[in-house]
Amino acid sequence: AQKITQTQPGMFVQEKEAVTLDCTYDTSDPSYGLFWYKQPSSGEMIFLIYQGSYDQQNATEGRYSLNFQKARKSANLVISASQLGDSAMYFCAMREAPYNTDKLIFGTGTRLQVFP
Amino acid sequence: DGGITQSPKYLFRKEGQNVTLSCEQNLNHDAMYWYRQDPGQGLRLIYYSQIVNDFQKGDIAEGYSVSREKKESFPLTVTSAQKNPTAFYLCASSPRTVGRYGYTFGSGTRLTVV
């Protein structure tokens, strides 16, 4: 069965420093997609970044980048130059095989706290 | 602006009552989803629908029911059979095939049993 694992329940980082949030996944399908979402205390889920399994380069979106190591089945989120507003829950998700029902499965999340 | 609207934001239920959470989208998305979020457990799928008048159970469907009579609407009913309904509920939508932008989420409903 497909699975997403986030092993860091909580992380602390000082403002302006970089931080890496870990995500590993398990799938036997060669075609898949990986997503990162941010959830502030208000509750809404904000899409951050996407990596397709066939993408040749690691995804980047502004201060967010994805360290995609396909052989290790990891898709870690790197946030550069952390800001106080980055304090939130972060979820890694994977799109299940398209021949099934094309839905996302989520990890348990990492709570990131940025301090001055 | 297109988006998903969930209402109410906060909901209180007495034990033994059914309650219905509303989810409406104007994104013209075919697929809609309901997730439950508990601390430390991430998001768990309750029900999803890929087309009007059709829906499938997710991983934790017991004690919940849904309907999809219109493309824009996917209400979730939490029945009295759900033994521990206190949680944060998120509704989402997507095109039939989830693309590079994943889901669009609503802002959630926090349900508390009193």
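Hydrogens, waters and symmetry mates are skipped; everything else that's a heavy atom, side chains included, is used. Proteins get letters first, then strands, A, B, ... in listed order; numbering begins at 1 in each. Being a predicted model, the structure only gives us computed values, none of them experimental.
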request  = Heavy-atom distances under 4.5 Å only: say whether B:F88 touches chain A with side chain, backbone, both or neither.
outcome  = side chain
task = May I ask you to check whether over 12 heavy atoms, not counting those of B:E62, lie within 6.0 Å of atom CD?
result = no
query = Do A:Y64 and A:I4 share a hydrophobic cluster (ILVMFWY, side-chain heavy atoms under 4.5 Å, transitive)?
reply = yes
ask   = Under a single-linkage definition using a 4.5 Å side-chain heavy-atom cutoff for Ile, Leu, Val, Met, Phe, Trp and Tyr, are B:I4 and A:F106 assigned to the same hydrophobic cluster?
value = no
ask   = What part of B:Q6 lies closer than 4.5 angstrom to a heavy atom of chain A: side chain, backbone, both or neither?
value = neither
ask   = Among the clusters formed by ILVMFWY side chains lying less than 4.5 Å apart, do B:L43 and B:Y33 turn up in the same one?
value = yes
ask   = In residues 65-77 of chain B, which residues are in contact with chain A at a heavy-atom separation under 4.5 Å?
value = none
request  = With a 4.5 Å cut-off on heavy-atom pairs, point out which of A:M89, A:R111, A:Q39 contacts chain B the most.
outcome  = A:Q39
More than 12 heavy atoms from other groups under 6.0 Å of CD1 on B:I51 = no
task = Under 4.5 Å, heavy atom to heavy atom: which of residues 103-114 of chain B reach chain A? Give them by number, or say none.
result = B:Y103, B:F105, B:G106, B:S107
ask   = Does A:L104 reach the side chain of B:Y35, with side-chain heavy atoms less than 4.5 Å apart?
value = yes
key: Nearest-0.5 Å distance, NZ of residue A:K103 to CG of residue B:D59   = 7.0 Å
message = Would you say that more than 12 heavy atoms from the other residues, nucleotides or ligands in this model lie under 6.0 Å from the NZ of A:K3, or not?
response = no
request  = Determine, for A:D55 against B:R100, whether the closest basic-nitrogen to carboxylate-oxygen distance falls under 4.0 angstrom.
outcome  = yes
query = Which value, rounded to the nearest 0.5 Å, describes the distance between B:S94 atom OG and A:R95 atom CZ?
reply = 10.5 Å
inquiry  = With a 4.5 angstrom heavy-atom cut-off, is it the side chain or the backbone of B:L90 that approaches chain A, or both, or neither?
reply    = side chain
ask   = More than 12 heavy atoms of other residues, nucleotides or ligands under 6.0 Å from CZ of A:F115: is that the case?
value = yes
key: Same cluster (ILVMFWY, side-chain, under 4.5 Å), B:V52 and B:Y48   = no
key: Heavy-atom closest contact (A:T108 atom, B:Q41 atom, distance)   = CG2-C, 4.1 Å
request  = Count the heavy atoms belonging to other residues, nucleotides or ligands that lie under 6.0 Å from NZ of A:K16, then report whether that count exceeds 12.
outcome  = no
task = Identify whether B:Y47 and A:M45 are in the same connected component of the hydrophobic contact network (ILVMFWY, side-chain heavy atoms under 4.5 Å).
result = no
